[in-house]
Every structure is written in C-alpha cells, then in structure tokens.
Amino acid sequence: MSALLGRIGDFAFRRRGLVVSIWAILLIAVVGGAALAGGRLDDRFTVPGAESQRALDTLSETAPGAAGANAQLVFTAPEGHLITEAPYRTAIQHTLEVAGTAPGAIGVTTPRQAGAVSQDQRTAIGVVHFDGDRSKVTSAARDAVERSGETAREAGLDVSVGGSAYGAGHMQPGITEILGLGVAVLVLLITFGSLVAAGMPILSAVFGIAVTVGGLSALSAAVPVSSTALTLALMLGLAVGIDYALFILSRHRSQLAAGLTPRESARRANETAGSAVVFAGTTVIIALAALSVIGIPFLTVMGLAASGAVLIAVAVALTLLPALAGFAGARLTPRAGSRAHRRATATGADSMGARWARLVTARQLVTVVAVAGTLILLALPAASLRMALPDNGSAAAATGQRQAYDTIAEKFGPGFNGPLVVVVDAPNGDTRAAATVADTVRGLPDVTYVAPPQPTQRAGQSLIMVIPASAPESQQTTDLVHAIRDRAPGAVPGAEVAVTGDTAVTIDVSQRLSASLVPFLGIVVGLSLVLLVLVFRSIAVPVKAAVTFLLSVAAALGTTVAVFQWGWAADLFGVSKVGPVVSFLPIILVGVLFGLAMDYEVFLVSGIREQWLHRRDAGASIIEGTRHNARVVTAAATIMVAVFASFVPTDDAMIKPIAFALAVGVLVDAFAVRLTLVPAVLALLGRRAWWLPRRLDRVLPTLNIEGPQEDSEPEPQRELAAV
C-alpha cells in the first residue's frame, strides 16, 4: 500500500494543476447539485420494529392529526387578569384561525377543546396540527405560526410558541468556530514556523469540509440527513482534515530539511505518514460506519455522514495536499538556522519530547498509578449515567420553544410537555375496550390525567391521551410507559394496546441505544486488538492500548455526566438545562474517540517500535521514539481539542454535549494517556512489551504502516525470551 500511496503523492506533485482542477470541479459539482436539488434536513427519530414506531406509523394513516407534528401557542394574561376575559378570548380565537392557515397545517385545537386552561385561569394552550412529522414542517410554516401571535400580543397577552414542530436548538456557526480555527492557525505557526506551511493544512481541511457539506446537502434531497449529522460531519471533518494534513506535511518538511528534493519528499511523505493516515482514517470510518448495525436510521445517517467526512479528509490529505506542496516547492523547506530547521534535523536528547519521556519513565509506577487514578476519578460520575433525547426543555432559555416549555411545566405540570398516546385496537370493534383500558391507566402511579378515548378513522381503534405527573425525560415517565405496556393489554383480552407519541419514541430510542452500547464497545475494542497486533507484532501493546482507550472513554463520559447531568460548572459551559445525557452520545464518543486514539497510538508507538527494532534498548527506544513524534501529536491534539471546543457554545442541545465529550476525550487521550501513561507502561514492561509468540508471528500477515524504510536494517527476530 505504501508504494501505491507514494505513486499517488508523486503524481499529485507533478500534475498539481490537474489535481487541484479535479477537486475544484468536484466542489462546484456538489455545491451546484445541492442548490439544484433543494434538499431539506430531516431530524426525525424513528425506531424500526419498536412498539411506539409501529403505532405511530399506523396513526399516520388513521389519525394524521395525532401522528403529525404540532405547534403549541401558549397564551398568558397579564397579572390581575384572566385568560377567559372577552378581549383575550377573541384575540386567541383570531390567532389560532390565522395559525391554522400556515403551510401544511391540517387543523387547530382550541384551549377549550383541549381543556388546556390553567387552574389560575391565566394561561391557555392552543395547538396547530401539521400533516407529517417535524421534517415535513417548513421554516415558512413555523414563521407563519410565530407571526400569528401578533394579534394576541397587541391585545396584551404574552405569547410563546413551542411544540414538536420546533427543535431543541440548532447550530449557528459564529465567533467561537472562528476562534477554533484561529487556535489551529496559531498552533500550526508555532509548529512549522512558516505562514505558508501553516496555511496548507487549514486550506486543505476547509476545502474537504466544503465538499462534504455540499455533498450531504445534495444527498438530503434523496435520503434523510439530519442537522446533527451534518454538524458532526463538519466538526469531525475539520478536525481530522487538519490533523491528517499536519502529519503528512510535518514529515515532508523534515525530509526537505534533511536534503530531499521537494518531489522525492512528497512521494516519501505519502509512503510513510500517508500510510499512517490511511490506517487512522480507516479505523475511524469502520467505527462510525458500524453505527449502522444498531438499526436506528437517525444514527445510521449520522455515522455514514461522519464516515464520509473522514474519507474525504483522507483523500484530500493524500492528493490535494501533495499538489499544494508542489506549488509551494522549496519554499516549504525550513530556513537553515531557524528553529524549525533545528527541530527537523535535531539529534539531541534535550528536546521537549525527550525531556517529557524521561520524566514520565523515571518513576514508571508512580506515573501509571497517578494517571490511571486520576482518570478513574474522572470516570466515576459515568456510573450514574442517564440517557434521553433532548426536547424543547433543552433549548436556549431565550427561545420561544423553551419559554413555552417552561410555562407549560409551571402552569400545567411537567408531564404536560410529554403526553403519552395509548392506541387501542379492540376486537370486533368493541367500543367499551378503550374505556376499560383508560380506567386501568388511571389507576397507575404517576398519572395526572387520562383523556376520554377518541375514535380514529379505523373501526374499533381509539386514542387515549395520558398526561404523566413527571417530566418527559424522567425515570418515572419511563416506568409509566413500561407499566402501561405491562398492565393495559390484560385489561381487555384480545385487544391490541400500544403506547406511542414523541415521549414513548424517545424512550424506545434511548433503550435501544443503551442495549447496543456494550456490544458496540466490544466490537470496537476487539477491532483495536486485532489491528494493533498486526501493526506492532505484540500482545502487550494492543492490550495496553485497549485498556487505556477504555480509560479515556470513561473519563470523557464521566466528565460529561458531571457537567450536563449533575450540573457541575454548567453555567460556565452554557448548559441551558441539566438532565440526562443525549442518548447516542456514548456510542458516538466510542466510535470517534476510538479512531482518534488509534491515530495517536499508531503515530507515537510506531516511532518507539522503529527505534526498538534498531536499538534493542527498551528505555532508549521510548525516549527517542517519543522525541520524534511528541511535538506532532501535541500539535494535532491541540488543534483537535480547539476545533471540538469551538462547537461547545452552540445552542444545539445535541451537538453541545457531543462536542464537549470529544474535546475532553481527545485532551485526556492525547496528553494524559498517549504521551504520559503509554510511555510509562512501556517502560514498566521493558522487553516484554514487544513479545509475540513465534507461532502466531508466522501466521500473521505483515502490515507495515510506516512504509519502506530505506535506511533501516533487516528486522530482527521478534520472538523475545520471557523476562
């Protein structure tokens, strides 16, 4: 593979005009395709095969108003007045009539019809029903509903608009993302000491995410692409795009400083660092694409979109970057006598990486205990992890949907924000069956209100709206859903009873994700063991990598729970509502962090192994291997943390915790684990770190991700005697 990558790098360098033109044409094509296709983002959560999803699919045909999205208009009278006063009733009626003309609206429920007037008679709720789920509700429709409240506001009412037609927040790129890129530029300037060299990874990464976003926008016309999937692809594509370019360009400049010609250096950089980039990118792609096996379309699209972003980042690093290097030519060579030149050609042991390696390996056991103990402490909050999908209660405090949510919770109770819909299909059209089920549900704990059954368009089918006493994301509401499913069917033998609605779907999504986490983690850890045994021809190194990866994931997850669920430093990070962690965050964290951890593991440990094969001195190999690669790993991790952290201030309730968890995960994994714990563990193991049974060594294929080593000696026998 390394030879092929070398030829690709050489071709891109020589035919740089053609390569840049091809990428430019591709970008124009995907952006033009996106503009012509007119796609729309789809934020639906579906759970194929789940009871709630089957019932919801049925209701889309038999009771479209109940199955579709809705907009809630919450009216509140001024202090000292009642919502039932004549001027307010007239204003509310007019508002709902206007709101009912919004594009896609199929009906309106007045406060009187819904019985949605608060006990103090100051607040009322009107509902606009739409045909189809939230993905079918256009921004024009939402704007029309919001504008309809002007009449009521002019009459003196306070009006806020929420409901399932509105999300829990959305991504709005702003100054923080620009600051993240600014940090990346600063780190690259410090690393390379050259404005031209610093700009190339940024340029190639931005070009890659432009292709990614354009492609996903075009695809959204044919397949459902969520806003979260698009943002995750943007965030991950930018981070790995800069990192992969940094790895290759760093090798290229070191070779230029050593005297290679620009063309030969570009070829060799693709052979060596490019091979590591392909390996790292492949692990990320496999881990993210594996999200498809969970069976939740929303997560499948997210994983495939992020995988596509990583694939494009790898392709850009291997083709567009050598082409840009061809245009730069010898200008990328560090100036003789400059700090960058001294670093590139240094042989001394006084570099920062060498000093750090000596420090952490001088007291190996102390280092291992201190770092592992700290990571375990950070991981402890993960034991209390609760998961749910964000709702309007997680939106920013200033948004209308959050204000509507809070008002409803205060005036009507928290459960009113998450009603359950019980669907009863009675045998032989028995109309009494639904009433019997309703009576059974009323007797369950944590039930505030059970509405009279309402018939649908299907004979014998009825709907029962149930208002829980607890908030939608609470454990009590989850227990109530299970209690209805356990008790209600037995009330009417032969009847089919299902619990659905947004809250029930959310609960089913969370439970399927929770059940999938351990098997998915097993697949990822098993994959890492197999790949690293092939790469490092060792048993101890892969086991160490898997254990330390689990520590990184646990520490990142524990920190996220402490901030977003426990509320520690929540104000500092702009967390609008403390509560359960986003359901798919742990799986996304495992998939993304796995690839990134393997990236740093391979880049660092391959250098140590290379020194071991030459020196046969375990301690010196650790110090020398770390000296060669610590600076690049530090720069790459710093950039990635900055990129992920720049997305934390967003109001998007899904992206914010994911960005936080990834930033913490990379910070912990790169600096605490790869650059500190790993050298200490390898020093503790000594020669045993590189032991591989002779019989296993003979049957394993050779996977050399470092490419050909022109000046290397023949590799010695890998079988080591037990120490």
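Values below: all heavy atoms of this structure, side chains included; hydrogens, waters and symmetry mates excluded. Values in this document were obtained by computation on a predicted structure and should not be read as measured data. We're numbering straight along the sequence, starting at 1.
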Review point. Taking Ser528 for the side chain and Val525 for the main chain, is one N or O donor matched with an acceptor at less than 3.5 Å?
Key: yes
Point to revise | CD-CZ distance between Glu51 and Arg485, expressed to the nearest 0.5 angstrom | key: 4.0 Å
Exercise for review: Determine yes or no for a side-chain-to-main-chain donor-acceptor pair under 3.5 angstrom, with Thr500 supplying the side chain and Ser52 the backbone.
Suggested key: yes
**Study point:** Arg402 side chain vs Ala395 backbone, donor-acceptor pair below 3.5 Å
**Key:** yes
Point to revise | Under 3.5 Å: donor-acceptor pair, side chain of Lys577, backbone of Asp391 | key: no
Study note, to complete from the structure: Smallest heavy-atom separation, Asn417 atom then Tyr405 atom, equals ND2-O, 3.0 Å
Check your understanding: Side chains of Leu662 and Met235: does their closest heavy-atom pair fall under 4.5 Å?
Key -> yes
Check your understanding: If we only count heavy atoms from C-beta on, is the Phe549 to Glu601 side-chain gap below 4.5 Å?
Key -> no
Review point. Of Val509, Ile294, Leu304, which meets side chain to side chain contact (heavy atoms under 4.5 Å, CB included) against Leu299?
Key: Ile294
Practice item. Look only at the side chain of Ser204 and the backbone of Pro201, and say whether a donor-acceptor pair between them is shorter than 3.5 Å. Key: yes
**Study point:** Heavy-atom pair of closest approach, residues Leu480 and Leu420
**Key:** CD2-CD1, 4.0 Å
Check your understanding: Do the side chain of Thr300 and the main chain of Ile296 share a donor and acceptor less than 3.5 angstrom apart?
Key -> yes
Report all side-chain donor-acceptor pairs from residues 22-32 shorter than 3.5 Å, counting only partners two or more places apart or in another chain.
residue	atom	partner	partner atom	Å
Trp23	NE1	Thr319	OG1	3.0

Review point. Taking C-beta and beyond as the side chain, do Tyr166 and Thr399 meet within less than 4.5 Å on heavy atoms?
Key: no
Check your understanding: How are the rings of Phe660 and Phe564 set to each other: parallel, tilted or perpendicular (split at 30° and 60°)?
Key -> perpendicular
Practice item. Taking the side chain as every heavy atom from C-beta outward, state whether Leu532 and Val602 have any pair of such atoms under 4.5 Å apart. Key: yes
Practice item. To the nearest 0.5 angstrom, please state how far the CG atom of Asp669 sits from the CE atom of Met640. Key: 11.0 Å
Exercise for review: Could you tell me which non-hydrogen atom of Gly33 sits nearest to which non-hydrogen atom of Ala218, and how far apart they are?
Suggested key: C-CB, 3.9 Å
Point to revise | Note, Ser384 side chain near Trp566 side chain (heavy atom, < 4.5 Å) | key: yes
Revision key, fill the gap. When rounded to the nearest 0.5 Å, the distance separating NZ of Lys136 from CG of Asp131 is 9.0 Å
Point to revise | Met387 side chain near Ser514 side chain, heavy-atom distance below 4.5 Å | key: yes
Check your understanding: When you measure from the side chain of Ser470 to the backbone N and O of Thr477, does any donor-acceptor pair fall under 3.5 Å?
Key -> no
Point to revise | Glu496, CD: over 12 other non-hydrogen atoms inside 6.0 angstrom | key: no
**Study point:** Backbone N/O of Gly393 and side chain of Asp406: donor-acceptor pair under 3.5 Å
**Key:** no
Review point. Do the non-hydrogen side-chain atoms of Val553 and Leu589 ever get within less than 4.5 Å of each other?
Key: yes
Exercise for review: Drop me the distance from Gln565's CD to Thr560's OG1, to the nearest 0.5 angstrom.
Suggested key: 10.5 Å
**Study point:** Pairwise distance CG(Leu288) to CD1(Ile588) - rounded to 0.5 angstrom
**Key:** 6.5 Å
Practice item. Output yes when a side-chain donor or acceptor of Ser552 lies under 3.5 Å from a complementary backbone atom of Val668, and no otherwise. Key: no
Review point. When you measure from the side chain of Arg386 to the backbone N and O of Gly579, does any donor-acceptor pair fall under 3.5 Å?
Key: no
Check your understanding: Which atoms form the tightest heavy-atom contact between Ala105 and Phe130, and what is the distance?
Key -> N-CD2, 3.6 Å
Exercise for review: Go through the structure and list residues passing ring-ring contact (aromatic ring centres under 6.0 Å, His included) with Phe644, not counting sequence neighbours.
Suggested key: none
Check your understanding: Got Gln401 and Val161 here, is their nearest side-chain heavy-atom distance under 4.5 Å?
Key -> no
Check your understanding: Can you tell which of Leu234, Ile658, Asp652 makes a side chain to side chain contact (heavy atoms under 4.5 Å, CB included) with Phe647?
Key -> Leu234
**Study point:** Distance in Å, Ser164 OG paired with Asn392 CG, rounded so as to fall on 0.5 Å steps
**Key:** 8.0 Å
